[in-house]
Amino acid sequence: MKVKPVIAQADDVVEDGAMVTVGVDLAGRTGITGVCRVTWGRRPTAELLPAKHDDDLLAAMRSADKTGLDSPLGWPVAFIALLTAHRTGVELPALANHAACADGRPGLGNAFTHRLTDDVAWKRTGAGKQRPLSVSADKLGIVAIRAVGLLARLAEGGPAVPRDGSGPVVEVYPAFALVQWGLAQEGTYKGKDATAARSRILAGLEAGLDLDLSDRVRDRCVASDHDLDALISAVVARAAACGMTHSPTTEEEHAMAAVEGWMHLPRRDLPLTAVRDGAAL
């Protein structure tokens, strides 16, 4: 009997009429990237796709109705203004902090280091010490440079891919998605020593979504946080496609999301069973 390989091909045939989402746990060019495709048929099925080169990622993204990309899709507007002022030799913009939390605690850093969506998502999840990295002042910037390059290639010959998630690509943050779904673990689920935490997360996803996973895909997601994050990203892409995530709402959020990007968080009032069924479609 021929066993289906754990690594599928991006152009493999998928179930007719079923929504297809792809999740990409993006790394810099020297890091490890994970790509997972979920076909939302009668029972959702997940497969891991090649992720070695940009062409692999683009093939996967083009095979999907919606892609969840685990990377910022832009930089803080204030940071761009700072660089522009520095380059032209004019007066630098004043440092501005994000608004305080409802309980009076400071917001997430300042507008040079963190985008509006970082601050909004951090407050919405109540993640506390689990703070988004800065795309302008941390190594995450390397990942974002690769991400915007992928978006540019994806849009070749057509309009630019919207950064607010309204188009074929949506920005996701797997760790915050787990908070929203009640699947966040004590401590970290990252790294080689966190297999037990990843196993619990995967069990929660399988139960909530009735996922059809092969043993080899399951083993890969338990062994690697990159593969697990790719799966989570594909599920958030499904939620976004079904209107089950928090989109920009205010005039300021829409304006900033168009430039900085917007992190789509799953809604807490909609369980994974609703995501599976596409109940908000």
Side-chain angles (χ1 to χ4, degrees), residues 21 23-24 26 61 64-85 93-102 106-127 131-136 140-141 143-145 147-152 154-155 158-177 179-180 233 236-270 275 278 280-281:
T21 61
V24 180
L26 193 64
M61 295 165 76
D65 297 296
K66 194 88 168 181
T67 294
L69 188 57
D70 181 11
S71 170
L73 301 185
W75 284 263
V77 167
F79 176 68
I80 297 170
L82 176 68
L83 293 184
T84 302
L95 177 67
N97 292 319
H98 288 295
C101 300
L108 182 66
N110 62 70
F112 291 154
T113 61
H114 288 85
R115 304 167 299 160
L116 176 62
T117 188
D118 298 323
D119 181 62
V120 170
W122 177 68
K123 289 171 178 170
R124 178 167 278 137
T125 58
R131 302 161 69 90
L133 295 175
S134 166
V135 66
S136 59
L140 187 62
V143 180
I145 290 170
V148 298
L150 288 170
L151 294 191
L154 196 64
V161 175
R163 302 175 200 171
D164 62 1
S166 61
V169 178
V170 60
E171 180 183 333
V172 302
Y173 192 173
F176 277 9
V179 173
Q180 295 293 94
S233 299
V236 179
R238 163 74 167 183
C242 295
M244 299 180 181
T245 56
H246 292 282
S247 301
T249 54
T250 68
E251 184 175 340
E252 179 190 22
E253 287 174 355
H254 279 289
M256 298 298 267
V259 180
E260 297 184 339
W262 187 262
M263 189 190 304
H264 279 247
L265 297 180
R267 286 167 47 185
R268 287 193 183 186
D269 60 326
L270 294 173
V275 178
L281 279 170

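Hydrogens, waters and symmetry mates play no part in the numbers below; they use all other heavy atoms, side chains included.
- Remark: side-chain polar atoms of Arg268 are paired, donor with acceptor, to backbone N or O of Thr125 under 3.5 angstrom.
- Considering only residues two or more places apart in sequence or on other chains, Phe176 meets the ring pair (Phe, Tyr, Trp, His ring centres under 6.0 Å) condition with Tyr173.
- Scored by the side-chain hydrogen bond (donor to acceptor under 3.5 Å, both in side chains) test, Thr84 finds no partners at all (sequence neighbours excluded).
- For Asp118, the salt bridge (charged side-chain N to carboxylate O under 4.0 Å, His left out) criterion is met by Arg115, not counting sequence neighbours.
- Every pair tested for salt bridge (charged side-chain N to carboxylate O under 4.0 Å, His left out) that includes a residue from residues 255-264 fails, sequence neighbours excluded, so the list is empty.
- Checked against side-chain contact (heavy atoms from CB on, under 4.5 Å), Asn97 has the following partners two or more places apart in sequence or in another chain: Asn110.
- Under the side-chain contact (heavy atoms from CB on, under 4.5 Å) criterion, Glu252 pairs with Leu116, Thr250, Met256, not counting sequence neighbours.
- At least one side-chain heavy atom of Pro132 sits less than 4.5 Å from a side-chain heavy atom of Leu108.
- In this structure Ser134 satisfies the side-chain hydrogen bond (donor to acceptor under 3.5 Å, both in side chains) test together with Ser136, sequence neighbours excluded.
- Considering only residues two or more places apart in sequence or on other chains, Ala85 meets the side-chain contact (heavy atoms from CB on, under 4.5 Å) condition with Val90, Leu92, Pro93.
- When the side-chain hydrogen bond (donor to acceptor under 3.5 Å, both in side chains) test is applied to Thr245, the partners found at least two apart in sequence or on another chain are His264.
- Every side-chain contact (heavy atoms from CB on, under 4.5 Å) that Ala147 has, sequence neighbours left out, goes to Leu26, Leu69, Ser71, Leu73.
- Under the side-chain hydrogen bond (donor to acceptor under 3.5 Å, both in side chains) criterion, Arg124 pairs with no residue at all, not counting sequence neighbours.
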